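Lettering of chains follows the sequences in order, A, B, ..., and the numbering in each one begins at 1. All of these numbers come straight from a predicted model, not from anything done at the bench.
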Protein chains: 2
Amino acid sequence: MEVKNNPTMEIVILETAERLFLEKGFSMTSTTEIAKEVGCNQALIHYYYRTKENLFNVIFETKFREFFRSIFELENVKGLNFTEKLTYIIGSHFDMVRKNPKIPILIFNEFTRNPDMVSSLKSKLAGVVSQITTTINTELQNEIKAGRIREISMTDLIFSVISSNISLFLILPVVSGILSLDEQQKEIFINHRRDENIRIILNGIKP
Amino acid sequence: MEVKNNPTMEIVILETAERLFLEKGFSMTSTTEIAKEVGCNQALIHYYYRTKENLFNVIFETKFREFFRSIFELENVKGLNFTEKLTYIIGSHFDMVRKNPKIPILIFNEFTRNPDMVSSLKSKLAGVVSQITTTINTELQNEIKAGRIREISMTDLIFSVISSNISLFLILPVVSGILSLDEQQKEIFINHRRDENIRIILNGIKP
DNA sequence: AGTATGTTTAATAGCTCTATTAATTTAATG
DNA sequence: CATTAAATTAATAGAGCTATTAAACATACT
């Protein structure tokens, strides 16, 4: 009965794998490569995680959950009116995606690579989704009744926010590649699109 | 000096490869699998296309060009006012993406798999982009001056249209997997989002 | 010191993939 | 029919990948 004294290797492997999987996807990343990057023997990866698939799943589940849990940060919105609330929500969702720009494409790819995985994730999401929906749905309905917002469902609103925010970071590599943007120009572009996304949605739901 | 009598195999290979590459991406598709699907010997693929990379590039270049050339169909918009024009453009862009829902993710993945490819495609796009921009930019500026549209650049407008349209088809597999939507429900959802995308953008650029 | 337990490595089996080469089949031509 | 070129296949080299196994190493405990 030993106490794990230094679980460093196990963790280093996980972190390195996470980085590589996010950079290059599941199939383009080999356990051999992970081991080389970590600086350990390739068998060690299988010692801790048994299979590559399993290692990936550990990472994927974490990231997937993380990503969806923090879809909308609803802590700091008390005391704001609806427009202010929405502005804050869209912005903080944008910032979250900005911090994890590679996760969406990882998810999309994983869904085509392994469609069976869907079922195992369904349950985990149900709660999160309904929580978000109900939290501000009442307020949305009030705004609509008051005629300050056009008829639109919560689902559609959320969908539009997520769409515009994630797609920026999907398209960005292509655009910045084609236009040869440097890091600074990219930053400017990102910040500009942050404002634009907020603006187009706020305006887009007006009556 | 023979005349190619039946180039069927060459073409069948190309079409099958296209389907598989779009379904599962570059690295998840093997030449062995393509051959099996075509019903020919695996060496035949290399006989016609030499390398898998090369076969992919042939397909990718075509699809990429096709996708960008038809980004905006500007044929049938004469005689319409600006709002009608924009409605038509967003809708037909949506329909184009709907017909080729897998191309965007193919492009995004290819850009991370092989960043060098960017340079070879730069030139091919310059023309297309500027053409689109200039065609309706004058009109957009007029609308802005007339106070019917808020201050927004052509680039931002195009960006928002492309974003909302492609991201639907990226997210769809995830959403429909989680919500277990059948084909009919998917159709309804897609059509609904088509309207919603048009609406949010038209509204989103109002003053 | 010696044993037990957990960690790490070396070696390798077994598979699949890409690409090439040589041989075989098919089709066209004089 | 014989010849020639193109299309197709069989066979295989060579590489990389995943996963397993047994051995070596390290560490803690009695």
Side-chain angles (χ1 to χ4, degrees), chain A residues 1-61 106 109-110 112-117, chain B residues 1-61 106 109-110 112-117:
Chain A
M1 299 285 168
E2 302 276 330
V3 178
K4 268 187 196 170
N5 43 344
N6 68 333
T8 10
M9 264 315 183
E10 190 173 355
I11 288 171
V12 173
I13 288 169
L14 196 73
E15 290 171 343
T16 307
E18 179 181 315
R19 181 166 55 76
L20 291 176
F21 281 140
L22 280 169
E23 257 171 36
K24 335 191 310 161
F26 177 80
S27 37
M28 293 287 289
T29 306
S30 68
T31 54
T32 313
E33 193 187 356
I34 297 169
K36 202 186 288 172
E37 203 91 342
V38 170
C40 72
N41 190 284
Q42 178 257 352
L44 198 62
I45 286 154
H46 294 275
Y47 171 74
Y48 282 119
Y49 299 97
R50 214 180 79 264
T51 67
K52 179 185 163 184
E53 186 83 33
N54 190 55
L55 170 59
F56 181 82
N57 285 343
V58 171
I59 292 164
F60 183 78
E61 281 220 18
L106 187 82
N109 281 328
E110 183 56 11
T112 57
R113 193 182 70 85
N114 174 21
D116 302 336
M117 172 226 46
Chain B
M1 298 287 169
E2 303 277 329
V3 177
K4 269 186 196 170
N5 42 344
N6 69 334
T8 12
M9 265 314 184
E10 189 173 355
I11 289 171
V12 172
I13 289 169
L14 196 73
E15 289 171 341
T16 307
E18 180 182 313
R19 181 166 56 77
L20 291 175
F21 281 141
L22 280 169
E23 257 171 36
K24 334 192 311 162
F26 177 81
S27 37
M28 293 287 290
T29 306
S30 68
T31 55
T32 313
E33 192 188 357
I34 296 168
K36 202 185 290 172
E37 203 90 343
V38 170
C40 73
N41 190 283
Q42 179 257 352
L44 197 62
I45 286 154
H46 294 274
Y47 172 73
Y48 282 120
Y49 298 98
R50 214 177 79 262
T51 67
K52 178 185 164 185
E53 186 82 33
N54 191 56
L55 171 58
F56 181 82
N57 285 343
V58 171
I59 293 164
F60 183 78
E61 281 220 17
L106 188 83
N109 281 328
E110 184 56 11
T112 56
R113 193 183 70 84
N114 175 20
D116 301 336
M117 172 226 47

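- The interatomic distance linking B:Met9 (CE) with C:dT26 (C1') rounds to 13 Å, in whole Å.
- With sequence neighbours excluded, the residues that form a side-chain hydrogen bond (donor to acceptor under 3.5 Å, both in side chains) with B:Asn109 are A:Asn109.
- Residues satisfying the side-chain contact (heavy atoms from CB on, under 4.5 Å) criterion with B:Leu106, sequence neighbours excluded, are B:Leu22, B:Phe56, B:Phe60.
- How far CG of B:Leu55 is from CD1 of B:Ile34: 5.5 Å, rounded to the nearest 0.5 Å.
- Listed by chain and residue number, B:Glu53, B:Glu110 satisfy the salt bridge (charged side-chain N to carboxylate O under 4.0 Å, His left out) test with B:Arg113 (two or more places apart in sequence, or in another chain).
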Under 4.0 Å protein heavy-atom contacts per nucleotide of nucleotides 12-18 of chain D, with B for base, S for backbone only and - for none: -----SB
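- Here D:dA19 presents its P atom at 11 Å from CD1 of A:Ile34, a figure rounded to the nearest Å.
- Rounded to an integer number of Å, the gap from CD1 of B:Ile13 to P of D:dT8 is 8 Å.
- Taking atom OH of residue B:Tyr48 and atom P of nucleotide C:dA19, one finds them 18 Å apart after rounding to whole Å.
- Nucleotide D:dT20 holds its P atom 13 Å from the CD atom of A:Glu53, rounded to whole Å.
- Legend: salt bridge (charged side-chain N to carboxylate O under 4.0 Å, His left out) pairs involving residues 32-41 of chain B, not counting sequence neighbours, sorted by first then second residue: B:Arg19-B:Glu37, B:Lys24-B:Glu33.
- Evaluation of the side-chain contact (heavy atoms from CB on, under 4.5 Å) rule for B:Gln42 yields B:Thr31, B:Thr32, B:Ala35, B:His46 as partners, not counting sequence neighbours.
- Scanning all heavy atoms of the two residues, the minimum distance from B:Tyr49 to B:Asn54 falls at O-ND2, 3.1 Å.
- In terms of heavy atoms, A:Asn41 sits closest to A:Ala43 at OD1-N, 2.8 Å.
- The side chain of A:Tyr47 sits closest to C:dT7 out of D:dA7, C:dT9, C:dT7.
- You'll find the side chain of A:Val38 stays beyond 4.5 Å of the side chain of A:Glu15, heavy atoms only.
- Mapped onto DNA chain C by nearest heavy atom, A:Leu44 and B:Asn41 fall at different nucleotides, with A:Leu44 at the one closer to the 5' end.
- Atom C1' of nucleotide D:dA7 and atom CD1 of B:Ile11 are separated by 15 Å, given to the nearest angstrom.
- Side-chain atoms of B:Lys52 come within 3.5 Å of backbone atoms of B:Phe26 as a donor-acceptor pair (strictly under, hydrogens ignored).
- Atom CD1 of residue A:Ile45 and atom OG1 of residue A:Thr16 lie 8.5 Å apart, to the nearest 0.5 angstrom.
- Note on the helix from C:dA1-D:dT30 to C:dG30-D:dC1: terminal axis deviation equals 10°, with five pairs used at each end and the result rounded to 10°.
- For the pair A:Ile45 CD1 and D:dT20 P, the computed distance is 14 Å after rounding to whole Å.
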For nucleotides 21-25 of chain D, list the nitrogen or oxygen atoms of the protein found under 3.5 Å from its nitrogen or oxygen atoms, one pair per line.
none

